[in-house]
Amino acid sequence: MNSVFPISEAPGFPQAPPSAAETARFSDDVDRLAASIADVVVTAESKVRLALAGLFSEGHILLEDLPGVGKTLMGKTIAQSIACDFKRIQFTPDLLPSDVTGTTIFDVQASRFEFVPGPVFSNVVLADELNRTGPRTQSALLEAMAEFQVSVDGEARPLPRPFFVIATQNLSESHGTFPLPDSQKDRFLISTGMGMPTADQEMKILERSQHGMPHAVPVITAARVVEMQDTVKSVEITRLVRQYIVNIARATRAHPVVRYGLSPRGGAALQRAAQCWAAFEGRPYVIPEDVSAVAAHVIPHRLMLNPGSDASAPATVTDILETVRVPA
């Protein structure tokens, strides 16, 4: 692939690409936010930036890994770094959908029913150990994540902006877990793991935790997050790059080990993540490398492989990226 991709007019693009000053400010704010998180969470910088890509793309992230590697700490630290409302929901087998969305109660003094919002009515929601609860309660997040609203008693109630779900789940082999349905996984823009730390990173974790874990301080406001989300939407993507995304999506559906490939909604998610990655780099336009940089974390959790296949979804995506060429 070429490292430089020409900018061209995008037919029907609804707004002008961000200016050089806007993209430079965006990149600087991301750097400050990533540095604040790195002061608390010991992990690879790429993991932090992938999490922030979920935030600024108006998507959600799923952190899947073994217990004790920092999934919950990552979620809490992102929330602490933004001056906004934050709620943590500890998912357990006995949790009810109304414990997430809220419920209507009767006010005796006022002689009327009133809605009491649940913890989902926050800017940042940490859905901790999401797969420890059953499918009925898991589905309480579906409408919120997809449509940024919650319907209770026949009334749709909008969620605040920004609205961002950081979900953690233990590996499916762990005791007492319920697999997330495909429709639930498809709501997450990005899925990644924390990974086991290196020896040096583990030493740093012990040093930081000796006197209690540090806390992040807010470095940007909720209003600034919304501005940055709007900037991502205005990053230009040319027809050739769109064709590259379409070719990747169609290649997932034609791959011999894949039963169900990337849906059109998944393709749109890949496009938005690539726009965000371009903004991270201080560019007002997307190049093919932006697409390939995020594809490994946007696509795999959306694929369903053939039963009995020995292949893995990440390896399949790698194979597809190596074979699909950028349109000329």
Side-chain angles (χ1 to χ4, degrees), residues 50-65 71-72 74-75 78-79 86-89 91 95 97 99-102 118-152 156-172 177-193 225 229 232-233 245 249 252 260-276 294-304 313-314 317:
L50 281 168
L52 295 179
L55 171 65
F56 294 120
S57 299
E58 289 191 273
H60 312 283
I61 63 170
L62 178 64
L63 300 176
E64 180 182 38
D65 218 315
K71 303 186 301 295
T72 302
M74 171 74 89
I78 291 174
F86 166 67
K87 290 291 189 301
R88 173 182 175 179
I89 308 171
F91 282 80
L95 197 73
D99 295 328
V100 177
T101 60
V120 76
F121 285 87
S122 300
N123 295 116
V124 180
V125 177
L126 175 59
D128 209 8
E129 297 184 302
L130 177 60
N131 62 336
R132 284 191 61 212
T133 195
R136 181 165 173 255
T137 303
Q138 289 175 6
S139 66
L141 283 174
L142 282 175
E143 182 185 16
M145 295 171 65
E147 301 177 35
F148 300 93
Q149 67 178 28
V150 171
S151 296
V152 179
R157 303 175 187 272
L159 293 168
R161 193 178 181 210
F163 175 71
F164 180 46
V165 174
I166 308 167
T168 72
Q169 70 166 344
N170 296 327
L171 294 176
S172 57
T177 59
F178 299 84
L180 296 181
D182 294 329
S183 59
Q184 183 92 50
K185 289 189 291 185
D186 196 46
R187 291 331 195 256
F188 291 101
L189 179 80
I190 286 173
S191 176
T192 187
V225 171
Q229 290 175 337
V232 168
K233 294 175 186 176
I245 293 173
T252 66
Y260 298 115
L262 192 67
S263 68
R265 179 167 57 191
L270 180 58
Q271 174 176 269
R272 180 60 55 81
Q275 287 177 285
C276 186
V294 296
H297 300 280
V298 174
I299 300 177
H301 64 284
R302 293 180 160 88
L303 300 184
M304 182 182 296
V317 172

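Every value quoted in this text rests on a predicted model; they were computed, and no experiment measured them.
- Within the 4.5 Å cutoff, the side chain of V120 has no heavy atoms near those of the K87 side chain.
- Minimum interatomic distance between L126 and G75 (heavy atoms only, all atoms of both residues): CD1-CA, 4.2 Å.
- Put simply, the side chain of R265 reaches to within 4.5 Å of the side chain of R187, judged on heavy atoms.
- Between A51 and I78, the closest heavy-atom pair is CB-CD1, 3.6 Å.
- Here OG of S263 is found 10.0 Å from CG of L303. Values are rounded to the nearest 0.5 Å.
- Taking the ring pair (Phe, Tyr, Trp, His ring centres under 6.0 Å) definition, one finds that F121 meets it with F115, sequence neighbours left out.
- Scored by the ring pair (Phe, Tyr, Trp, His ring centres under 6.0 Å) test, F188 finds no partners at all (sequence neighbours excluded).
- Residues satisfying the side-chain hydrogen bond (donor to acceptor under 3.5 Å, both in side chains) test with T168, not counting sequence neighbours, are D128.
- In this view, N123 and C84, D85, P160, P162 satisfy the side-chain contact (heavy atoms from CB on, under 4.5 Å) rule, not counting sequence neighbours.
- Surrounding CZ of F148 are more than 12 heavy atoms belonging to other residues, nucleotides or ligands, all under 6.0 Å away.
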Determine, stepwise, if the pair F164 / V225 fulfils side chain to side chain contact (heavy atoms under 4.5 Å, CB included). CA-CA 11 Å; F164 180 46; V225 171; over 6 Å; no
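- In this structure F163 satisfies the ring pair (Phe, Tyr, Trp, His ring centres under 6.0 Å) test together with H60, sequence neighbours excluded.
- Distance CD/Q275 to OG/S57: 8.0 Å, rounded to 0.5 Å.
- Residues M145 and Q184 are in side-chain contact: their nearest non-hydrogen atoms beyond the backbone lie under 4.5 Å apart.
- The shortest side-chain heavy-atom distance between I61 and L189 does not fall under the 4.5 Å cut-off.
- Taking all atoms of both residues into account, the shortest heavy-atom contact from L159 to A144 is CD1-CB, 3.6 Å.
- The backbone N or O of L142 lies less than 3.5 Å from no partner atom in the side chain of S139, so there is not a single donor-acceptor pair.
- Evaluation of the side-chain hydrogen bond (donor to acceptor under 3.5 Å, both in side chains) rule for T252 yields no partner, not counting sequence neighbours.
- Two residues are said to be in side-chain contact when any heavy atoms from C-beta on lie closer than 4.5 Å; M74 and I166 fail this criterion.
- Rounded to the nearest 0.5 angstrom, E64 CD and K71 NZ are separated by 9.0 Å.
- Here salt bridge (charged side-chain N to carboxylate O under 4.0 Å, His left out) pairs that include residues 160-170, with residues two or more places apart or in two chains, are E58-R161, R161-D230.
- Listed by first then second residue, pairs satisfying salt bridge (charged side-chain N to carboxylate O under 4.0 Å, His left out) with a partner in residues 142-151 number zero, not counting sequence neighbours.
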Passes side chain to side chain contact (heavy atoms under 4.5 Å, CB included), L141 versus L130? Steps please. CA-CA 10 Å; L141 283 174; L130 177 60; 4.0 Å; yes
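- K185 meets the salt bridge (charged side-chain N to carboxylate O under 4.0 Å, His left out) test with D182; sequence neighbours excluded.
- Residue pairs satisfying the side-chain hydrogen bond (donor to acceptor under 3.5 Å, both in side chains) criterion with at least one member in residues 294-304, sequence neighbours excluded, are listed as follows: D186-R302.
- Residues F178 and P135 form a side-chain contact, since some pair of their non-hydrogen atoms from C-beta on lies under 4.5 Å apart.
- By the 4.5 Å heavy-atom criterion applied to side chains, I190 and L62 are not counted as neighbours.
- With sequence neighbours excluded, no residue forms a side-chain hydrogen bond (donor to acceptor under 3.5 Å, both in side chains) with Q138.
- Residues F86 and S122 form no side-chain contact, since every pair of their non-hydrogen atoms from C-beta on lies 4.5 Å or further apart.
- Between G267 and I245, the closest heavy-atom pair is O-CG2, 3.8 Å.
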Test side chain to side chain contact (heavy atoms under 4.5 Å, CB included) on V125 and R88 and set out the steps. CA-CA 6 Å; V125 177; R88 173 182 175 179; over 6 Å; no
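- Atom SG of C276 and atom CG of L52 lie 8.0 Å apart (nearest 0.5 Å).
- For the side-chain hydrogen bond (donor to acceptor under 3.5 Å, both in side chains) test, residues two or more places apart in sequence or in another chain that qualify with E129 are Q90, R132, N170.
- Minimum interatomic distance between P97 and T137 (heavy atoms only, all atoms of both residues): CD-OG1, 3.7 Å.
- When all heavy atoms of V232 and F56 are compared, the closest pair comes out as CG2-O, 3.5 Å.
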